[in-house]
Amino acid sequence: MRQSRRQGVRSTTVLRREALTATVPVALAALLAAAGPASAGTGGAPGAGDPYFPLAGNGGYHVDHYGLTLRYDPASRHLDGTAVLTARATQHLTRFDLDFTGLKITGLTVDRAKAQYRRDGQELVVTPSRRLHPGEEFHVTVSYSGTPKPVTDPDGSLDGWIPTDDGAFVAGEPQGAMTWFPANNHPRDKSSYDITVTVPAGRTAVSNGVLVGQRTRHGRTTFHWRQREPMAAYLATATVGKFKVEQYNTRDGLRVYNAVDPREASQAAPVLKKLPSVLEWESKLFGPYPFRAAGSIVDRAPNVGYALETQSRPVYDSAPDLSTLVHENAHQWFGDSVSLTSWKDIWLNEGFATYAEWLYSEQHGGDSAQKSFDALYARPASDGLWAFPPGDPGSGAHIFDTPVYARGAMTLHELRGSVGDRTFFRILRTWAAVHRAGHGTTAQFVHLAERESGKNLDPLFTTWLYSRGKPNHA
Ligand code: ARG
Ligand code: ZN
């Protein structure tokens, strides 16, 4: 079925920046304090407190901005990079961690002073020359080089900087960002980005947001991308290849940039042509599109087996079908603009994006959402669909399994049936609006649904999100 495209062939299956800067450190500090043991003393915690990925993210600071300057040579697969992180301490810090794996570090400073560091697995432990104070802004500059290697996720998928025959497919969910830049690698921390990539002339480097500059000199082309709206590290990309590029503005003034591997072009064309109408349809349903840029990166990356909703511009491992295009773009609202605080809540991303596929089909002459629901519900209790409840995948190995996508979507369909269409769509829009450019948890979603509908929805969500086995259907 459809989900298998995204699940990996090898696996079973309006806050503005200013406001954020002002409020996030406090909120984050509170979260971290609540999350955890390791924020004691003056060392930042090595993780953000996520039980599925305990070392993902770090404590003690928030990254406001990443400035990444990269140079990639597809022939030798060599990457040179400099990352400048503008961060803010949320506690006293004599030491803090970044997530970074593989590449060799050639220089590291904090506020231009050489800093001590040591590496321990994915943790890059930095000891600045002086102590940082709560609320203080600081800059970390890391220079690095080498041959980036993807990580293998608990579900067996490749993740991160994945070499292709003409460049690299770059995607980072949930862990891979740290294979190509030092990061506070958890969706709890969102930042703006400037990503500048130099590649041999003839290749294109495509990243997030708006292309603010491009120039070719001495046989190399430099692409400068800017993502202003806050973004989780896993949604960053810098995909490199031989691409056909198409740029236009939509009627709503969105800047669209599509980059397509010529070998995928004829198959991709009829689907990409629908992007403006898909975004318009999604905007009607979910509220205003959350970013100023949009687009698609259609690569040929046969060893990847999934597409990713990289912010403002999803990346596809091959020409997508229409439902995949709908899915990845629905994530721009659900997953990208409204981010997870914990990977356990992944159904808030995948269940919603899958339900968007069902709705699209329903409203465009295909199967009704009810029919999609019924076809799944007909599966026997022994089917993998019922292997675990979507609100509790159990570990990072299962966050992209069928129950998260399909039973997650079924949960929303049940909600819709219970509260009626008007209230249901108001809930979706309110969710996207209230948590725009921020975060949302399952508990907050349940609370919002109850408030908007005036109903006690506890039994519904308990059954569909948290109960083991195939739910009894009323
Ligand atoms: N979020 C992606 C999608 O459903 C799937 C990413 C899968 N990643 C992985 N490491 N298995 O569109
Ligand atoms: Zn998805």
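Start at 1 and go down the list; that is how both ligands and their atoms are numbered. Numbers here are sequence positions counted from 1.
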By number and element, which atoms of ligand 1 are closer than 4.0 Å to a non-hydrogen atom of Ser157?
-> 9 (C), 10 (N), 11 (N)

So the atoms of ligand 1 within less than 4.0 Å of a heavy atom of Asp155 turn out to be 9 (C), 11 (N)

Residues Ser191, His65; criterion side-chain hydrogen bond (donor to acceptor under 3.5 Å, both in side chains); working and verdict | CA-CA 5 Å; Ser191 324; His65 181 78; over 6 Å; no

Using atom types as modelled and distance alone, determine if a side-chain donor or acceptor of Arg313 lies under 3.5 Å from a backbone N or O of Ala294.
-> yes

Any donor-acceptor pair under 3.5 Å from Lys149 side chain to Thr101 backbone | no

Ligand 1 atoms nearer than 4.0 angstrom to some heavy atom of His327 are 3 (C), 4 (O), 12 (O)

Would you call Asp166 and Arg263 a salt bridge, using N to O less than 4.0 angstrom?
-> yes

Test log, rule salt bridge (Lys or Arg N to Asp or Glu O under 4.0 Å), inputs Glu280 and Arg251 | CA-CA 9 Å; Glu280 232 172 87; Arg251 278 191 286 187; 3.1 Å; yes

Under 4.0 Å from one or more heavy atoms of Glu350, ligand 1 contributes atoms 1 (N), 2 (C), 3 (C), 4 (O)

Cation-pi between Lys470 and Tyr377: NZ/CZ under 6.0 Å from ring centre and within 45° of the ring axis?
-> yes

May I ask whether Gln175 has any heavy atom positioned less than 4.0 angstrom from an atom of ligand 1?
-> no

What N, O or S atom of Glu350 is found closest to the Zn ion (ligand 2)?
-> OE1

Under 3.5 Å donor-acceptor, Asp159 side chain and Gln175 backbone | yes

For ligand 1, which atoms have a heavy atom of Glu309 less than 4.0 angstrom away?
-> 1 (N), 2 (C), 3 (C), 12 (O)

Atoms of ligand 1 under 4.0 Å from any heavy atom of Asp153, numbered from 1 in the order shown, are 9 (C), 10 (N)

Measure up the Trp347 and Phe445 rings against each other and bin them: parallel (under 30°), tilted (30 to 60°), perpendicular (over 60°).
-> perpendicular

Near the Zn ion (ligand 2), is there an N/O/S atom from Glu309 that is less than 2.8 Å away?
-> no

Is it the side chain (CB and beyond), the backbone, both or neither of Asn349 that lies under 4.0 Å from ligand 1, heavy atoms counted?
-> neither

Provide the closest heavy-atom pair for Gln444 versus Trp431 in the form atom of the first, atom of the second, distance.
-> C-CZ3, 3.7 Å

Can you sort out which atoms of ligand 1 are near Ala307, meaning under 4.0 Å from one of its heavy atoms?
-> 2 (C), 3 (C), 5 (C), 12 (O)

Any N/O pair Asp159/ligand 1 closer than 3.5 Å | no

To 10°, measure the NE2(His331)-the Zn ion (ligand 2)-NE2(His327) angle for me.
-> 100°

